Amino acid sequence: MDLDVFMMFSSIAGVLGMPGLGNYAAANAFLDALAHQRRAQNLPATSVAYGVWEGEGMAAGLTGRTTLTHLAKFGLDPLKPEEGLKLLEQTIRGGRALTVAAALDPERLRIYLKNEHAERGGIPSFYSKLLSEQERNGSCNEPRNSGRAGNLRTKLSKAPAGQHEAIVLAMVRETVAKALGFTSAGQVDVDIPLQDIGFDSLTAVLLRNRLSALTSLKTLSAGSITWQYPNLRSLSHFLLSQIQSEAQAQSKQSCSVSDHTRKQSVNSTTYTMEAARKGHLDPDIAFDNIEEAQRPRSVFVTGATGFVGAFILRELLELGIAAHCLVRAEGVKHGQQRLVESLASYDLWKHDYAPLLTPVVGDAAKPLFGLTNVAFDDLANRVDAICHSGALVDWLRPLNDYIGPNVISTHEVLRLASRGRGKAVHVISTLATLPMHMGYDVPEHDREYGYSTSKYIAERMVAAARWRGARASVYRVPFVAASAATGHFRVDRGDFLHNLIAGSIQMGSFPSLDADLSVVQPVDYLSKTVVAIMVHDRSRIGHDFDFVNKHAVSCNHFFQLMGGDDAGTLLPFHEWQLRALAYAAAHPKSALARIGTIIDGLADESALAAMLKGLPTGEHVLGGDVYPAPLVDEQLARHYRDRIDMFNSDGPISSLEPGKME
Ligand SMILES: NC(=O)c1ccc[n+]([C@@H]2O[C@H](COP(=O)([O-])OP(=O)(O)OC[C@H]3O[C@@H](n4cnc5c(N)ncnc54)[C@H](OP(=O)(O)O)[C@@H]3O)[C@@H](O)[C@H]2O)c1
């Protein structure tokens, strides 16, 4: 008869022998032998030697309760019918004469045999061969083969970081090929769901055991392997990040680290964010992945729907650099729409940018940005630089409001930088932190306390990350003024300086101020400078930069330019203050009304001048000799004024909602 398949159902009893089942074992061993004989004659034959099946089948009927308990001690657990059928399919596909299909726990078998044969010289050699085979294959529950794990780790430590992913992926592939009976690792598709490769709960356990032995990671669970990772590529990303974080924790932490902390470090999802809220960088975050900074091809951007972030994003896209943008949205489509609308509102959007733009829907204030571990690691492997411009940017709120968006966000940005590909970090901050760097106490009742303290804490975390090896820069940005090229200013909320200028134009007079505009710089200049360092001038990366225009014009000159021909007059400060407050009271939705409380709180001209004057800066200053700021000239003022006029005719300044003050 011309057969494709000649299938026999035998029993594991024929292979392993079974207490009290000698006859049954012999009969089944015959079936297995027949399969071998037929194969030797080039005839089809497959014998599947099953373990115990769950339910009311033969095992339950023939053996009775006592023997089932006995079998359990022997290491045999019942197979679910669906598992049995799946194994049948794999047996046929596997193409071997004999396949044992059983849920066998080698460790229980070892214990059973040790006890049974204690007085007869220990485990019989037949079994010990099998059990040491199991160990070599890494299929014992308690992985003992630390030598192989050691090999993998040694291999990784000797290879350049850029090859780590490939090494772990190859190891995973080979392991899966063995576990599922593929003839070569190349046959294992690493980009399709695990279930489609042939994984089920049983083979997932097998894989878990083998991977545990190979990696010596003890936290792998069969369930998470099968269900948490969309494919083998993601699974190997995860394994590599776990191996790296364990290695980092081991090298970093001295013996004094408690077991409790050690356990926490193993599982990255169990860390507490309480310490991060206070500005402590997770001890597991380290930057062994950092390499020579290459020109980034793909950048993770936060805050791209904001004023500064939109201009930064546009600079990157214009250079052909892909951007993965964190955005709060109801889904990817909505995220894309928000990003495009934001760029379009500043006339920065081009359709050519679309293929370069990828929204990452999440929340910067949440651990891992609210992403799953897998998605977070995936992102970490896709980008080779980070620009963190996202923040809650205003004054007047309690510190607690700023912790999530400003502190946790920076913490998670640094965590992202520590994982996957090595990447430089660029954090946008504010000159408002300078008093704290200089050692001044910013009291809690100060209107800037919450915002500037949160940004200061974030900057300290960046410094801690740098100390651990991160390649990170902080850019302390001054008052961000309208674009020098187009006059576009922040349309949604406005800010203090913009409201002062727009309101003074409306009212017809500016305050006369003895100050210069050293801490006021156009948004397009700032974003171009940050991107230039990120992309072209990478040797500068690693410093904290203060943006200050050392060649700034005087405020009075700028106000006159902004006022144009019908500028009205420059009034002495007190006179202007009284008029401004009266105007604000008469026009409660005007720009001046929005900053009325601040104007009211200014004791004299010097208080306003101090806001615009700035402070002594740190070592690395941008805007003077290095990356000089653009001239504030007639043309710049005209662009800005035209844009204000255009905005007033479309939608009056009075429609701005209150909030922004920086
Ligand atoms: N503007 C200034 O005058 C000025 C001055 C000095 C320093 N800075 C610094 O410059 C950076 C950018 O400021 P900006 O003026 O561009 O601010 P912005 O216009 O208010 O933009 C803030 C951005 O952060 C995002 N964001 C806030 N909380 C978030 C969260 N929990 N999850 C995800 N995204 C979140 C916002 O997203 P949504 O669109 O979803 O709200 C928005 O894209 C900040 O670091 C700020 O401290 C600004």
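All figures in this text were calculated on a predicted structure; none of them were measured in a lab. Atoms within each ligand, like the ligands themselves, are counted from 1 in listed order.
Side-chain contact check for Q337 and H334: no donor-acceptor pair (N or O, by modelled atom type) lies under 3.5 Å. Side-chain atoms of H587 and Q506 form no donor-acceptor pair, as typed in the model, at a separation below 3.5 Å. In this structure, a donor-acceptor pair under 3.5 Å is absent between the side chains of E315 and S527. Side-chain contact annotation: H639 with S483, donor-acceptor N/O pair under 3.5 Å absent.
Contact annotation: S409 has no heavy atom less than 4.0 Å from any atom of ligand 1. At least one heavy atom of D363 lies less than 4.0 angstrom from ligand 1. For F369, the heavy-atom gap to ligand 1 stays at 4.0 angstrom or more. Assignment of R476 to the shell around ligand 1 is not supported, since no heavy atom sits closer than 4.0 Å.
Considering backbone and side-chain atoms together, V477 places no N or O closer than 3.5 Å to any N or O of ligand 1. For ligand 1, one of its N or O atoms has an N or O atom of G306 under 3.5 Å away. Of the N or O atoms in V480, one or more lie within a sub-3.5 Å distance of an N or O in ligand 1. Between A391 and ligand 1, at least one pair of N/O atoms sits closer than 3.5 Å. Polar contact with ligand 1: absent for P405 (N/O pair, distance under 3.5 Å).
Between Y627 and F545, the ring center distance fails the sub-6.0 Å criterion. In this structure, H488 has its ring center no closer than 6.0 Å to that of F647.
In the candidate list H388, Q521, K455, K455 is nearest to atom 45 (O) of ligand 1, counting heavy atoms. Looking at S452, S429, S454, it is S429 that brings a heavy atom closest to atom 7 (C) of ligand 1.
In terms of heavy-atom proximity, M436 sits nearest to T453 at CE-N, 3.7 Å. Closest approach of R338 to R328, counting heavy atoms only: NH1-O, 3.0 Å. L357 and C325 get closest at one heavy-atom pair: CD1-SG, 3.8 Å.
Neither the backbone nor the side chain of F496 comes within contact range of ligand 1; no heavy atom lies under 4.0 Å.
Counting atoms of ligand 1 from 1 in the listed order, those under 4.0 Å from a heavy atom of R490 are 1 (N), 2 (C), 14 (P), 15 (O), 17 (O), 18 (P), 19 (O), 20 (O).
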